[in-house]
Protein chains: 2
Amino acid sequence: MAAKGGSQGKRPQRPAGSLPSMEETGSEPALSIERIVATAVELLDAEGVGGLKMRRLADRLGAGAMSLYWHVDNKEQVFDLALDSVLEYRGTPQSIEAEDWRGAIFHMLEDWRASMLRHPWSASLLPRRALGPNILGRLELLGRILSRAGVDEADLNGAIWSLWNYVMGATLTRANFDLSDEDMLAGQQRLAHLSAEYPTIERARLLLDNDWDGVFRKGLGFLLDGLVPSR
Amino acid sequence: MAAKGGSQGKRPQRPAGSLPSMEETGSEPALSIERIVATAVELLDAEGVGGLKMRRLADRLGAGAMSLYWHVDNKEQVFDLALDSVLEYRGTPQSIEAEDWRGAIFHMLEDWRASMLRHPWSASLLPRRALGPNILGRLELLGRILSRAGVDEADLNGAIWSLWNYVMGATLTRANFDLSDEDMLAGQQRLAHLSAEYPTIERARLLLDNDWDGVFRKGLGFLLDGLVPSR
DNA sequence: ACCTGAACACCGTTCAAGT
DNA sequence: ACCTGAACACCGTTCAAGT
């Protein structure tokens, strides 16, 4: 489950002739993994993880119900591909990366989180999915920057995973809690009735008062303080 | 989604007469939320999230296929209840808690993580589920200890959420990657072929060489260093 | 090579009916 | 109050067949 094949299909690479970006010009362009993945992302954005059904995806592509199965092994693979497609990273210029490692890490990890929050379904998907090329690319970049910043070879994996854990937790929590502000409110109101049992978090209004972005940056800073020796 | 009702059912509290712990004595004891939840946890442990089907759960309870729906609204509620039931915390003695706040936090959070790893399905469930009484209890305890340790009222929520994020991310990652060592191995082997593109993480053997427990404790320590003023 | 509809297996949930 | 089987709606996937 952790790191399966990336984007291999049974289908050979499509010849260079076809134009992927012709819009709905009467008849749809031919099916292709690219179109399937792009449309899957649209559908997931619009309806969430539960809204992605093979039939609806095919429908939206103007294709017959079961045509997808020629391009894709199964629904799992659609998830894998959609997830990785959303995590591309344009990267920081090498120059910045070299002189301001802290800024480079913050930039990449905040962008990671932002990318996932733009597609909230991706947060719940990522921990259970294959590591596609975009994800691996980000991990590689992270390792490189940390290494240059002075993290020992022996501590590198630990540092990478610590940051991964923090980013994943923060993003997942934020994505899910954010989906339902009313629920948070309801939860806090229920808490009020139980203030005898949960006085501290009730008084702090834990479920309401949150500067998620600020909290994220602050904790990330603390982690980096510890992980990277302050030469 | 964030914080729905805890354990209210349509069913009134069962009268105090019945014994919950009589084993399979020929005929099964009557259905009850307690039995349903306990059996759901068994099933989840044995077969994972995908293995919990209402029919199979009923089967295992020796009940007719659809009897569950009298005790429970729907499958979602079974998940909510199973999750919270697994997160009970016996707690630390007040004395320890007062003098060694750091130890108390480590104890509670490591226990939290361990409880979830004992039931790996719980990790993927938690971020999307209602906050049941056991979860709220742990958050309350965490808030209380942090507060006593000197965290400002204004910083309390941020501190709690930072720790929550870290624990959730670490546990989720560990639970999922751990499920499939072979996949990790396969992933690392695939990485070897791509060492041109991912030289750093390939060399570090990121996908293989991991002291998860140690990494968890270390990162947690760094976070606490930052979050709690070192008087 | 690429697409298609019919058909199968499976599953959550409702409902009318039992005791 | 508590349990039940039949039935419905829905969905992933296979398959034999089309072009």
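So you know, we letter chains A, B, ... as the sequences are listed, proteins then strands, and number each from 1.
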Could you tell me whether A:Asp111 and A:Arg90 make a salt bridge, using a distance below 4.0 angstrom between a side-chain N and a carboxylate O? no
Let me know the distance between CG of B:Asp59 and C1' of D:dC3, rounded to the nearest Å. 15 Å
Under a 3.5 Å limit for both distances, which nucleotide forms a Watson-Crick or G-U wobble pair with D:dC10, could you say? none
Per B:Lys75 side chain, nearest of listed nucleotides D:dC11, C:dG12, D:dT13: C:dG12
Per the ring-ring contact (aromatic ring centres under 6.0 Å, His included) rule, which among A:Trp164, A:Tyr166, A:Phe216 passes with A:Trp112? A:Trp164
Out of C:dA7, D:dA6, C:dG12, which nucleotide sits closest to the side chain of B:Met66? D:dA6
Over how many whole Å does the gap from A:Trp70 atom CH2 to D:dA16 atom C1' extend? 18 Å
Measure from CG on B:Leu61 to C1' on D:dC3 and round the result to the nearest Å. 13 Å
Are A:Arg217 and A:Phe106 in a cation-pi contact, defined as NZ or CZ under 6.0 Å from the six-membered ring centre and within 45° of the axis? no
Rounded to the nearest Å, what distance is computed from the CG atom of residue B:Asn74 to the P atom of nucleotide C:dC15? 14 Å
Would you check if B:Trp161 and A:Trp212 make a side-chain contact, meaning some heavy-atom pair closer than 4.5 Å? yes
Tell me what B:Leu57 touches on the nucleic acid: a base, only sugar-phosphate, or nothing, going by heavy atoms under 4.0 Å. nothing
How long is the line joining CG of B:Leu68 and P of C:dG12, in whole Å? 11 Å
If you only use heavy atoms from C-beta on, which nucleotide in D:dC3, C:dT14, D:dT13 is closest to the side chain of B:Leu31? D:dC3
Counting the atoms with a prime plus P, OP1 and OP2 as sugar-phosphate, which does A:Leu52 contact under 4.0 Å by heavy atoms, base, sugar-phosphate, or nothing? sugar-phosphate
Does the structure show a Watson-Crick or G-U wobble partner for D:dA17, both distances under 3.5 Å? Name it, or say none. none
Within the 4.0 Å heavy-atom criterion, would you say A:Met54 contacts the bases, only the backbone, or no part of the nucleic acid? sugar-phosphate
Any salt bridge linking A:Asp45 with A:Arg118? Criterion: basic side-chain nitrogen under 4.0 Å from a carboxylate oxygen. no
Measuring from the side chain of B:Lys53 (C-beta onward, heavy atoms only), which nucleotide among C:dG12, D:dT14, D:dC3 has the closest atom? C:dG12
Expressed as a whole number of angstroms, how long is the span from B:Phe79:CZ to C:dG12:C1'? 12 Å
For the pair made of OH in A:Tyr69 and P in D:dA16, what is the distance, rounded to whole Å? 17 Å
Partner of D:dC3 by Watson-Crick or G-U wobble geometry, both contacts under 3.5 Å, or none? none
Below 4.0 Å: OP1/OP2 of D:dA1 and any side-chain N or O of B:His71: no
Give the rounded distance in Å between these two atoms: CZ of A:Arg55 and P of D:dG12. 7 Å
Nearest listed nucleotide, side chain of B:Ser67, among C:dG12, C:dC3, D:dC3: D:dC3
